[in-house]
Amino acid sequence: NNKIVCDLIELKRPAPGLLAILDDVCASMHAQSKGADDKFVQKISEFHSSHAHFSSSSNGFCISHYAGDVTYEKHGFTSANKDTLIRDLLEVLVGSDNKFVRALYPAAMLQDTKKPTTTGFKMKTQCAELVEALMSCNPHYVRCLKPNDEKKSDMFDGKRIVHQIKYLGLLENIRVRRAGFAYRQEFHRFNDRFRILVPSKHRAGKTDKDICKKMLKYLAPKLELAQGDVQLGRTKLFIKRPETLQDAEDLRAQRCTTAAETIQAAWKQYRNREHLVKLRHSANKYVAKFKDRRRESMIRPFAADYISYHTNELVRNHVETNWAAGECMVYADRLALLPLGSLETGLRENVFCVLTDRTLYLVEHVSNPAAPPLKSGAANPLSQYMSLLRQVPLSAVTGISMSKFADNFLVLHCRHPGTVKPQADWLKDSTVSQCMRCKSSFGLFFRRHHCRQCGGIYCNECCPEGSFTVPSRGVHEPARVCFDCVGTEPGLLWGDVVLQTFRKTEMMAIVSDTLRAQDKATEVQFSESIGCQCEAVDPQSKSVQQRKVSLQFSRSRNLPESSGGHIKSVAPDCVSIVSPVGVPVEVIERQRKLEQQRKRERAEQRKREMMERQLLEQERKEQRELERKERIRAKKLKKKQDQQRRQQEEADKAAAIAKRGGRRPPTAAAKPSKKTAPKMAACQQCGCNDYEPHPFKKPTCANCFHAHV
């Protein structure tokens, strides 16, 4: 409560306040300017020297407000309070050509001969008027905190803020809110804000309260609502715990983000559809000259995104940690990878392929339920994680190869990245005294272990004796890698990328188009034998050696057409792949002609639909114009009929009056009942008894009222 400080400033009696003393000093020493400020400080010290919120000094005085102490200097106090304006200057301001200045100093100020009031009096009067206006309303206050006294951004004085919070009573308000219901909102506002979290069938109701009740029933499992956390009033919803509201806001933000990403993906697909259609036609036409085709391969459309990349957070978050600035996704799919450096492992299924305008990423989801839990009881990060298999810059792609048969294999030839990174950036043992992840102190029986990837020092639990290789660091044998680095570096040795996917033509076309956009176009090679290069670990010497592997393709009629080919045999330097028999060239040509015919038919159909739509729109436009004219004609006719009816009624009344010789007939109407009929009176214009109350002063019947109007 700041009333004691307000009384110190503006009270008149029993002890005069600062403003009253200031006005008294200005009135008693109006002809003197020297010594008036000292006299003012002396008088307020005499009256308020014992006040708890006042203290004086040689240069002025200090008032302890609720938010802190404020020091006032005495120099110029009385002169600023007089606020006198010389009459000559006032006449100049009143006669100014500027409208704004004339509005501040109207001509009525020259006619005022009263003694001018002081600045303190005006301020006190204005404050009283403001308080009166506030007390007549229902105000809502915004609590403002001053972060520092230096007037600088991003600077917070803790003691200063705590002092303000204490005197504003914010802690008491928070305690009261938390003791009851922290969130109170009207039903319709809650429904409008969180309706996107609930399907339409779960928010159907006659009233806002019914809708809110059904929405809470649907959201209860997601928000983990307990008994008594939510109460429904007559017009408002009451939520007890702030965490419940925060969880709902988090769900809403997540839902809005997902919806925005879905809309963006749909718009990008629509925007790029024309380009993808052209790319599909050109790619199919080009591939059909050199390669056997399957039926579904020729009619499959290009979509570029088959894993919902923008909403697939598991893949997206892992891939984008290695992205460069400005990198964007152009193709995403799920396919199989043939690691040339470890052919004995066979094809690796369910590999996520993400192609950007700069890099090709191959990511695999690894699930290891047998991983033991940690000593702390938490789940082992190695039980389920994402692993980056290959990261190939498009600048390192030197060629693209495909077989001549109807298989699903695609080969990207890559240039060797060069020497591996040195290990000179590893931390020294003496610089770290505790694990960098779990913060456990090292000791005699708690040893240090270096992560072979980042060079950090961890304990045995956070950096286990694992089965991870780090080829980029020159670690080609299973070694220790910390939990934070698992799957973030490519785990396979360098080599050409051999992929198996049903959408090989689309991927080839997009890779070629991306390289062409960077002036790095390369020809696609078609052959029955494709030579590849890779790195492999020699099992005897444990050293990395470069190896050449040949992919031999052959055709077999025993395989169904829907098969994409399978690996028949694997040798250290040769892989035999069997492909199904493709569709004959005549079928491909017939399919191409049918597609062209369907394209022409669709174009003609669109043209006919456009013409029909235009004709229908023209008919609707003409119909609306006829209806508008008909309404205008009917309105004019009705107006004319009303005018004729009024003229006829006036003529009939005039004839009736003339027939009676200008005399009004006597009022011989029966006296109405007091209970059922209203009191009647005679019309003063025509003398009839059809009088009804009208806005006019004279009693007038309806006919005379309309005639007068």
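Excluded from the calculations below are hydrogen atoms, water molecules and symmetry mates; all remaining heavy atoms, backbone and side chain alike, are included.
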Parallel, tilted or perpendicular: rings of Phe61 and Tyr72 (30°, 60°): parallel
Salt bridge check, Arg628 against Glu625: does any charged N sit closer than 4.0 Å to a carboxylate O? yes
Which atom names give the shortest non-hydrogen contact between Gln434 and Lys439, and what distance separates them? OE1-O, 3.3 Å
Atom CZ of Arg189 and atom CG of Leu237: how far apart are they, to the nearest 0.5 Å? 13.5 Å
Compare all side-chain heavy atoms of Glu224 with those of Asp247 and state whether any distance is below 4.5 angstrom. no
Step-by-step side-chain contact (heavy atoms from CB on, under 4.5 Å) determination, Leu171 to Lys166: CA-CA 7 Å; Leu171 294 177; Lys166 177 181 176 182; 5.6 Å; no
To the nearest 0.5 Å, what is the distance between CZ on Phe40 and CG on Asp24? 11.0 Å
Between Asp250 and Gln254, does a side chain to side chain donor-acceptor pair (under 3.5 Å) hold up when you go through it step by step? CA-CA 6 Å; Asp250 294 342; Gln254 183 179 358; over 6 Å; no
Examine distances only and state if a side-chain atom of Asn191 and a backbone atom of Asp208 form a donor-acceptor pair shorter than 3.5 Å. yes
Testing the basics here: between Cys26 and Asn81, what is the closest heavy-atom pair and its distance to 0.1 Å? SG-ND2, 3.3 Å
Is it true that a side-chain atom of Arg102 and a backbone atom of Asp97 form a donor plus acceptor pair closer than 3.5 Å? yes
Looking at Met135, I want to see if its CE is surrounded by more than 12 non-hydrogen atoms of other residues, nucleotides or ligands under 6.0 Å. no
Looking at Lys213, I'd like to know if its NZ atom is crowded, meaning that more than 12 non-hydrogen atoms belonging to other residues, nucleotides or ligands lie closer than 6.0 Å. no
Pair Arg646 + Glu650: basic N to acidic O under 4.0 Å: no
Closest approach of Thr78 to Ala36 (non-hydrogen atoms, all atoms of both residues): OG1-CB, 3.5 Å
Taking atom CG of Leu197 and atom CG of Leu223, what is their separation to the nearest 0.5 Å? 8.0 Å
Lys209 side chain to Arg234 main-chain N or O, any donor-acceptor pair under 3.5 Å? no
Does Phe194 have any ring-ring contact (aromatic ring centres under 6.0 Å, His included) partners at least two apart in sequence or in another chain, and if so, which? Phe190
Could you tell me whether the side chain of Asp37 and the main chain of Gly76 form a donor-acceptor pair under 3.5 Å? yes
Taking the side chain as every heavy atom from C-beta outward, state whether Pro242 and Tyr183 have any pair of such atoms under 4.5 Å apart. no
Approximate separation, where rounding is to 0.5 Å, of Cys6 SG and Lys124 NZ: 13.0 Å
Once rounded to the nearest 0.5 Å, what's the spacing between atom CG of Leu8 and atom CD1 of Ile44? 8.5 Å
At what distance, to the nearest 0.5 angstrom, does CD of Gln246 lie from CG of Leu251? 10.5 Å
Minimal heavy-atom distance between Glu327 and Thr356, with the atoms involved, is OE2-OG1, 2.6 Å
Could you check whether any side-chain heavy atom of Leu22 comes within less than 4.5 Å of a side-chain heavy atom of Thr119, counting everything from C-beta outward? no
Exceeds 12 heavy-atom contacts within 6.0 angstrom, atom NZ of Lys43: yes
Verdict with reasoning, Cys256 to Ile196, per side-chain contact (heavy atoms from CB on, under 4.5 Å): CA-CA 8 Å; Cys256 292; Ile196 61 175; 3.5 Å; yes
Going through the checks in order, is the side-chain contact (heavy atoms from CB on, under 4.5 Å) test met by Leu216 and Leu232? CA-CA 10 Å; Leu216 289 173; Leu232 298 176; 4.0 Å; yes
Less than 4.5 Å apart, side chain to side chain, heavy atoms only: is that true for Glu46 and Gln42? yes
How about Leu18 and His48: do any of their side-chain heavy atoms sit closer than 4.5 Å? yes
Could you pull out all residues at least two apart from His188 that satisfy ring-ring contact (aromatic ring centres under 6.0 Å, His included)? none
Kindly check if the number of other-residue, nucleotide or ligand heavy atoms within 6.0 Å of CZ (Arg203) is above 12? yes
Do the ring planes of His163 and Tyr167 sit parallel (below 30°), tilted (30 to 60°) or perpendicular (above 60°)? tilted
Is the number of heavy atoms from other residues, nucleotides or ligands under 6.0 Å of Arg645 CZ greater than 12? yes
Can you tell which of Glu313, His318, Glu320 makes a side-chain hydrogen bond (donor to acceptor under 3.5 Å, both in side chains) with Arg316? Glu320
Ring pair (Phe, Tyr, Trp, His ring centres under 6.0 Å): which pairs involve residues 205-253, sequence neighbours left out? Phe181-Phe238, His202-Tyr218
Just wondering, are more than 12 heavy atoms of other shown residues or ligands nearer than 6.0 Å to CD in Glu172? yes
Minimum side-chain heavy-atom gap Arg193-Glu249 below 4.5 Å: yes
Beyond-backbone contact of Thr488 with Thr321, side-chain heavy atoms, under 4.5 angstrom: no
Give me the atom names and distance for the closest heavy-atom approach of Gly233 to Phe187. O-CZ, 3.4 Å
Closest contact, heavy atoms only, Ser64 versus Asp69: OG-OD1, 3.0 Å
Do Phe442 and Cys435 have side-chain heavy atoms sitting under 4.5 Å apart? yes
Stepwise, does the side-chain contact (heavy atoms from CB on, under 4.5 Å) test hold for Gln126 with Leu130? CA-CA 6 Å; Gln126 293 172 0; Leu130 176 61; over 6 Å; no
Evaluate the salt bridge (Lys or Arg N to Asp or Glu O under 4.0 Å) criterion for residues Lys638 and Asp642: first the C-alpha distance (whole Å), next the side-chain angles of each, then the deciding distance (0.1 Å), finally the verdict. CA-CA 6 Å; Lys638 184 179 180 181; Asp642 293 343; 5.5 Å; no
